[in-house]
Amino acid sequence: MEILKRDFYERNTKIVARELLGKILVHRLPEGNLTGKIVETEAYFGNGDPASHASRGKTPRNSVMFGPPGYAYVYFNYGMHYLFNVVTDKDGVPGATLIRSLEPLEGVNFMFQRRGVKELKFLTNGPAKLTQAFEINISHNGLDLTGEEIFICNDETKVSDIVSAPRIGISTGKDEILRFYIKDSQFVSKKAVDV
DNA sequence: GTACTGATACTCT
DNA sequence: GAGTATCAGTACT
C-alpha cells in the first residue's frame, strides 16, 4: 500500500472522485488505526455548480476548497453532522470530493463504540456516519492528507463495476452526474434506481 | 419494505 | 433570520 501523493489530487475533481473509489482511508489514533475502503464519492466544483459551497465565491468557511489539493475540507452542517471532503484540482481552483461512504476494515470495534449501532453496514454508509465512526471533526479541517494523521492509500485490489449517478441530498444541481460508487458494495448509502 | 419528520448549530445574507 | 452536501426514529403500506 502506498500513500497517494499530491499529484493524484491535483487533477479535475470528477476524475479524482472516480479514482478515489476502492482506495483506503486511514486515520491514525492512539487507540489504533481506523481504516476503510472508499465506496462512494461525489464531485463538487466551484463556478457553475449551484450545489457547491464554492459557487458563490470564496468565504472563510470554504476557503480550503480554493487552496492547494490533497487537504481535508471538513464541513459542519444540519446542526449536528460533519462531512469529510478531499480538496482537488490546482491551487486557486475550487473543487472537492465528498466522501459519502466507506467499507469498514480496521478498527471496527472502535467504530461500533463510537456509533452505537448494531449492524456493520450502518457504521459508515453515509457521509455524516463515517465522520463519526472515524472520529473526524472540524479540527481536521485543512489537514494535509499526505501527512501522518489522516491519509489515503492505494489498494492492490481492483475495483469492479463503477456506477455514475446524480448527487444526493441537495436542492439544486441534481442534473449533473457527479456521484460515483462501487456497484457491488453493501455500504453505499443509496443506489440509483435501475436505468 | 418505504415515507415523512424533527433535532440541531453554524455560516452567509 | 433563513437555509443547510444528514441521521434516526416513527408511522405507515
Side-chain angles (χ1 to χ4, degrees), chain A residues 9 12-18 20-21 25 36 38-67 69 71-89 93-104 111-143 145 150 152 163-182 185-194:
Chain A
Y9 303 105
N12 184 280
T13 305
K14 201 167 168 177
I15 296 170
V16 177
R18 188 187 164 90
L20 275 175
L21 293 175
L25 177 67
I38 297 170
V39 298
E40 186 180 0
T41 63
E42 279 181 15
Y44 284 87
F45 298 98
N47 287 345
D49 185 357
S52 171
H53 293 159
S55 67
R56 284 186 222 163
K58 192 171 173 177
T59 67
R61 174 175 66 164
N62 64 26
S63 62
V64 179
M65 279 180 84
F66 289 79
Y71 287 83
Y73 172 43
V74 181
Y75 164 65
F76 189 76
N77 88 330
Y78 288 102
M80 53 175 90
H81 298 301
Y82 294 104
L83 296 136
F84 178 67
N85 303 250
V86 177
V87 178
T88 58
D89 223 318
V93 181
T97 299
L98 171 67
I99 309 298
R100 284 197 61 84
S101 53
L102 299 170
E103 175 182 338
M111 295 185 208
F112 273 119
Q113 209 178 323
R114 289 277 305 147
R115 297 267 301 111
V117 296
K118 292 174 187 139
E119 290 193 58
L120 184 69
K121 62 180 299 192
F122 293 133
L123 275 181
T124 54
N125 66 332
K129 298 180 188 179
L130 71 89
T131 57
Q132 194 186 5
F134 267 61
E135 193 92 17
I136 292 171
N137 57 56
I138 198 68
S139 72
H140 299 104
N141 191 31
L143 189 78
L145 294 176
I150 299 178
I152 299 174
V163 181
S164 308
R167 292 178 296 190
I168 294 181
I170 51 179
S171 44
T172 53
K174 286 183 197 161
D175 298 336
E176 293 239 34
I177 306 297
L178 294 173
R179 182 165 72 99
F180 304 97
Y181 63 87
I182 297 177
S185 177
Q186 294 297 112
F187 298 92
V188 172
S189 59
K190 186 170 184 179
K191 305 208 176 180
V193 281
D194 263 321

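A note on names: the letters A, B, ... follow the listed sequences, proteins ahead of strands, and every chain is numbered from 1. Quick caveat, the model's predicted, so the values are computed rather than measured.
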Exercise. Under 4.0 Å between any heavy atoms, over every strand shown, what does A:R115 touch: base, sugar-phosphate, or nothing? Just pick one.
Key: sugar-phosphate

Self-check item: Spacing of A:F45 atom CZ relative to C:dA5 atom P, expressed in whole Å
Solution: 17 Å

Quiz prompt | G-U wobble or Watson-Crick pairing nucleotide for C:dA5 (cut-off 3.5 Å, both distances) | solution = none

Exercise. Would you indicate which nucleotide in B:dC12, B:dA7, C:dA5 comes nearest to any side-chain atom of A:Y44?
Key: C:dA5

Practice problem: Calculate the interatomic distance between A:Y78 atom OH and B:dT5 atom P; express it in whole Å. | Solution: 15 Å

Quiz item: Just to confirm, is there a sub-4.0 Å distance from OP1 or OP2 of B:dC12 to any side-chain nitrogen or oxygen of A:T59?
Solution: yes

Quiz item: Between C:dT4 atom C1' and A:N77 atom CG, what is the distance in whole Å?
Solution: 6 Å

Exercise. Calculate the interatomic distance between A:I168 atom CD1 and C:dT4 atom P; express it in whole Å.
Key: 17 Å

Practice problem: Please determine if a side-chain N or O atom of A:H53 lies less than 4.0 Å away from the OP1 or OP2 oxygen of B:dT11. | Solution: no

Quiz prompt | NZ/NE/NH1/NH2 to OD/OE distance under 4.0 Å, A:E176 and A:R167 | solution = no

Practice problem: Output the single nucleotide from C:dT6, B:dC12, C:dT4 whose closest atom is nearest the side chain of A:H81. | Solution: C:dT6

Self-check item: Polar contact flag, side-chain donor to acceptor under 3.5 angstrom, A:R115-A:Q132
Solution: yes

Exercise. Counting heavy atoms from C-beta on, name the nucleotide in C:dA8, C:dA5, B:dC12 closest to the side chain of A:K129.
Key: C:dA8

Practice problem: Going by the side chain to side chain donor-acceptor pair (under 3.5 Å) test, name the single residue among A:T41, A:D49, A:T88 that passes it with A:T13. | Solution: A:T88

Quiz prompt | Shortest side-chain distance from A:A128, nucleotide among C:dT6, B:dC12, C:dA5 | solution = C:dT6

Practice problem: Would you tell me if any nitrogen or oxygen in the side chain of A:R100 comes within less than 4.0 Å of OP1 or OP2 on C:dT6? | Solution: yes

Exercise. Would you classify A:I170 as touching base, sugar-phosphate or nothing, given that sugar-phosphate means primed atoms plus P, OP1 and OP2, and contacts are heavy atoms under 4.0 Å?
Key: sugar-phosphate

Quiz item: Given C:dA5, B:dC12, B:dA9, which nucleotide is nearest the side-chain atoms of A:F76?
Solution: B:dA9

Quiz item: Just checking A:F84: base, sugar-phosphate only, or nothing, at a heavy-atom cut-off of under 4.0 Å?
Solution: nothing

Practice problem: Rounded off to whole Å, could you give me the CG-to-C1' distance for the A:N137 and B:dC10 pair? | Solution: 15 Å

Self-check item: Side-chain H-bond candidate by donor/acceptor type, A:H53 with A:Y73, under 3.5 Å
Solution: yes

Self-check item: Whole angstrom value for the distance that separates P of C:dT6 from CZ of A:F122
Solution: 18 Å

Quiz item: Distance check: side-chain N/O of A:S52 vs OP1/OP2 of C:dA5, anything under 4.0 Å?
Solution: no

Quiz item: So, A:N62 and A:K58: side-chain donor and acceptor under 3.5 Å apart, yes or no?
Solution: no

Quiz item: Given atom CG of A:N125 and atom C1' of C:dA8, what is their separation to the nearest angstrom?
Solution: 12 Å

Self-check item: Test item: side-chain donor near acceptor, A:E103 and A:S185, under 3.5 Å
Solution: no

Quiz prompt | Nearest to side-chain heavy atoms of A:R56, which nucleotide of B:dT11, C:dA5, B:dT13 | solution = B:dT13

Quiz item: Roughly, in whole Å, what's the span from OH in A:Y181 to P in C:dA5?
Solution: 21 Å

